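As the structure is a prediction and not an experimental result, all values here were calculated from the model. Numbered from 1 within each chain, the chains take letters A, B, ... in sequence-line order.
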There are 2 protein chains.
Amino acid sequence: MGQWGYMFRISKLADYAVVVLAEMAGRAEALMSAAVIAERTGVSEPTVAKVLKLLSREGVVQSVRGAGGGYRLSCPADEIAVVDIIEAIEGPIALTACVDGAEPDCALGGCCGVRGRWDTVNAALRSALGGIMLADMMRPAVKGCGSAALTFETEGKGAGYGRN
Amino acid sequence: MGQWGYMFRISKLADYAVVVLAEMAGRAEALMSAAVIAERTGVSEPTVAKVLKLLSREGVVQSVRGAGGGYRLSCPADEIAVVDIIEAIEGPIALTACVDGAEPDCALGGCCGVRGRWDTVNAALRSALGGIMLADMMRPAVKGCGSAALTFETEGKGAGYGRN
DNA sequence: CCATCTAGGACAAAATTAGTGCTAAATTAC
DNA sequence: GTAATTTAGCACTAATTTTGTCCTAGATGG
């Protein structure tokens, strides 16, 4: 019922995360800085940086600090489940807050007719999404797109942050 | 990354919808007014009314106007998929706005490396959730509130409905 | 006609998300 | 060792979404 009317919307950040990782997967071994990835994907640099920080903290990517540093995937694209990416950004999957253990002060209290029943749904979700890998999200290499010469510009961010 | 840190959160309204419908399923044939359902579920009346209006518009429940009117389920609880309920409240399932055909003005444009790839994910989602029915969300008739001794529940926690 | 009861839209407040900026820490290059 | 590069981690503001409520209109039954 939001602007798009879609349920199960994932956050834009998670969406960007998949785009960013798909880009990185193209050069799986190489280190890429946030700035370069931003340029290659078209996502604004601050946003790319934010996404990568989260992904790094959750172990989806590895980071190397310092000059010449950057990020690389922790494992091959066909071993990273999309659901893991989303969880890295948004936290554990659950259809409601009403899951085992959490949230002590439900106003409906012990009378809630569906308490604990969402677990089944959540399990089904995880199961269904667990099999879809990052590699499945990549298109078969489109030329002309996104692959504008990999230049390490020292020009800086003076060019301004394009909005996403 | 919200307060609960859960991804795939459904809205509270959709959550209420399941609670409301589970209540109605107990007396499948009978007409129940929004006021009565509100009283029996503990969800505030304006909210119950709102939920029922949406469910009615989408055909999940049937409505009867006028004195003595109310709502009843359109079909048995084991024929109503939970995902249908959620869709009735929140609109069609889709993990991103970036689905087939839709959304002409994605800033990443034609260069987006994952464009169209979400369809697979969404299909998997629908498939997994389509098999879970409202009937599966109901507890096997619990008399008296708070007894709660039920299969999966490891403890008396687990809630998630904000107060009204 | 009058008391009920749903339909539908409008709306303000609250909660969440998005996006940006700043400072610190690590690493490389000179 | 100093400077430049690049990630880490907050803190914060603005924009968007969700909630919850209200108000008016249309049906229905007695």
Side-chain angles (χ1 to χ4, degrees), chain A residues 1-17 20 31-38 43-59 61-72 86 89-91 96-97 107 152-157 160-164, chain B residues 1-17 20 31-38 43-59 61-72 86 89-91 96-97 107 160-164:
Chain A
M1 314 205 42
Q3 183 178 2
W4 310 109
Y6 293 134
M7 133 178 168
F8 296 150
R9 280 185 311 291
I10 57 175
S11 64
K12 281 190 178 179
L13 230 45
D15 210 343
Y16 291 144
V20 163
L31 277 179
M32 294 177 75
S33 71
V36 169
I37 295 172
V43 180
S44 80
E45 189 183 318
T47 299
V48 170
K50 186 173 192 169
V51 162
L52 286 170
K53 285 174 199 172
L54 288 168
L55 293 173
S56 173
R57 190 162 62 184
E58 299 299 319
V61 301
Q62 293 177 334
S63 66
V64 177
R65 287 187 176 187
Y71 298 89
R72 77 165 69 90
I86 302 181
I89 300 292
E90 308 198 356
T96 73
F152 286 81
E153 306 213 14
T154 54
E155 168 223 333
K157 23 252 110 206
Y161 305 142
R163 42 83 197 95
N164 298 310
Chain B
M1 312 202 45
Q3 181 180 2
W4 311 108
Y6 292 134
M7 134 178 166
F8 294 151
R9 279 187 311 291
I10 57 174
S11 65
K12 281 190 179 181
L13 229 44
D15 211 345
Y16 291 145
V20 163
L31 278 179
M32 295 177 74
S33 70
V36 169
I37 295 173
V43 180
S44 80
E45 190 182 317
T47 298
V48 170
K50 185 173 194 170
V51 163
L52 286 170
K53 285 174 201 170
L54 288 167
L55 292 174
S56 172
R57 189 161 64 187
E58 299 300 319
V61 300
Q62 293 177 334
S63 66
V64 177
R65 287 188 174 185
Y71 298 90
R72 77 165 69 90
I86 302 180
I89 301 291
E90 307 197 355
T96 73
Y161 300 102
R163 39 79 190 98
N164 297 288

Between protein and nucleotides 9-11 of chain C, what N or O pairs are separated by less than 3.5 Å?
none

Detail all sub-3.5 Å separations between protein N/O atoms and N/O atoms belonging to nucleotides 2-5 of chain C.
| unit_1 | atom_1 | unit_2 | atom_2 | d |
| --- | --- | --- | --- | --- |
| C:dT4 | O2 | B:A67 | N | 3.1 |
| C:dC5 | O4' | B:G66 | O | 3.0 |

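Checking the phosphate oxygens (OP1, OP2) of C:dT6, no side-chain nitrogen or oxygen of B:S56 falls inside 4.0 Å. Not one side-chain nitrogen or oxygen of A:S63 sits closer than 4.0 Å to the OP1 or OP2 atom of D:dT6. OP1 or OP2 of C:dT16 has not a single side-chain nitrogen or oxygen of A:S11 nearer than 4.0 Å.
When all heavy atoms of B:A49 and B:A34 are compared, the closest pair comes out as CA-CB, 4.2 Å. Contact detail for A:A38 and A:E45: the closest heavy-atom pair is CB-CA, 3.6 Å. Pairing each heavy atom of B:L31 with each of B:R72, the nearest pair is CG-NH2, 3.7 Å.
Distance CG/B:L52 to OG1/B:T47: 11.0 Å, rounded to 0.5 Å.
Remark: P of C:dT6 and CD of B:E45 are 8 Å apart, rounded to the nearest angstrom. Here the C1' atom of nucleotide D:dT5 and the CE atom of A:M32 are 17 Å apart, to the nearest Å. A:L31 has its CG atom 18 Å from the P atom of C:dA26, to the nearest Å. One interatomic measurement links the two molecules: CG of B:D15 to P of D:dT19, which rounds to 9 Å at whole-angstrom precision. Rounded to whole Å, atom P of D:dT7 lies 8 Å from atom CD1 of A:I37. Between A:L55 atom CG and D:dT7 atom C1' the separation is 13 Å, expressed in whole Å. Between the P atom of D:dT6 and the CG atom of A:L52 lies a distance of 14 Å, rounded to the nearest Å. The nearest whole Å value for the distance from the CD atom in A:E58 to the P atom in D:dT7 is 18 Å.
Here the side chain of B:Q62 pairs no donor or acceptor atom with the backbone of B:Y71 at under 3.5 angstrom.
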**Asked** Where do B:V20 and B:V61 land on the side chain to side chain contact (heavy atoms under 4.5 Å, CB included) test, with the steps shown first?
**Response** CA-CA 11 Å; B:V20 163; B:V61 300; over 6 Å; no

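In terms of the side-chain contact (heavy atoms from CB on, under 4.5 Å) criterion, residue partners of B:A17 (sequence neighbours excluded) are, by chain and number, B:V51, B:L55, B:I85, B:I89.
Annotation: side chain of A:L54 is in contact with side chain of A:L13 (closest heavy-atom distance under 4.5 Å).
Candidate nucleotides C:dA18, C:dT20, D:dG20 were compared by shortest atom distance to the side chain of A:L13, and C:dA18 ranks first.
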